[in-house]
Amino acid sequence: MIIVALAVVLAIVSPIIGFALYKRDRIERFHDRYEEVLLVAKNHANTIMVTIQTIAGLSNVQSFKGGSEFSGPYSDVIAIAQIFVLDIFELFHTSCSLKGDYRDKLYISTMGPIGMLLFVLLVRATYVAVKG
């Protein structure tokens with residue numbers, strides 16, 4: 001199933017990358033012209049995404065602690081916001097095989113991306129040191 005999902009993602013992303021490489025000069029001119037506007041838009045989008053993930057996460061914590069579900073239109077908005085929350089434990093179904101409570105999941109979810117970032121930086125630094 002994962003291979004099929006990766007194939008679908010690759011089939012969607014490949015034409016986009018090909019088009020971007022084909023129109024590289026035009027894209028670079030556009031970026032140079034609107035660099036500050038793109039940066040501001042990116043920062044606003046990051047703030048909105050973090051807020052959406054926080055609100056959706058609070059719903060999960062509320063129900064995990066034994067509280068009642070949110071009611072009415074707010075629960076519908078939360079259901080839509082769940083699309084943007086990447087829960088690695090639900091994605092790989094590791095909650096059955098790994099023992100631990102919500103705090104352990106929170107630590108792994110928070111520190112995992114930082115660990116991956118450090119790994120990527122280490123690989124990149126090694127590449128630059130070797131290739132020059």
Practice task
Could you tell me the separation between the OG1 atom of Thr51 and the CG atom of Asn46, rounded to the nearest 0.5 Å?
Solution key: 10.5 Å
Problem - Interatomic spacing from CG in Leu21 to CD1 in Ile16 - rounded to 0.5 Å - result: 12.0 Å
Practice task
Please say which of Val50, Ile78, Val77 ends up in a side-chain contact (heavy atoms from CB on, under 4.5 Å) with Ile55.
Solution key: Ile78
Problem - Note, Ile27 side chain near Arg24 side chain (heavy atom, < 4.5 Å) - result: no
Fill in the blank from the handout: In this structure, CG of Leu38 is separated from CZ of Arg33 (nearest 0.5 Å) by 12.0 Å
Problem - Residues, nucleotides or ligands: over 12 heavy atoms within 6.0 Å of Glu28 CD - result: yes
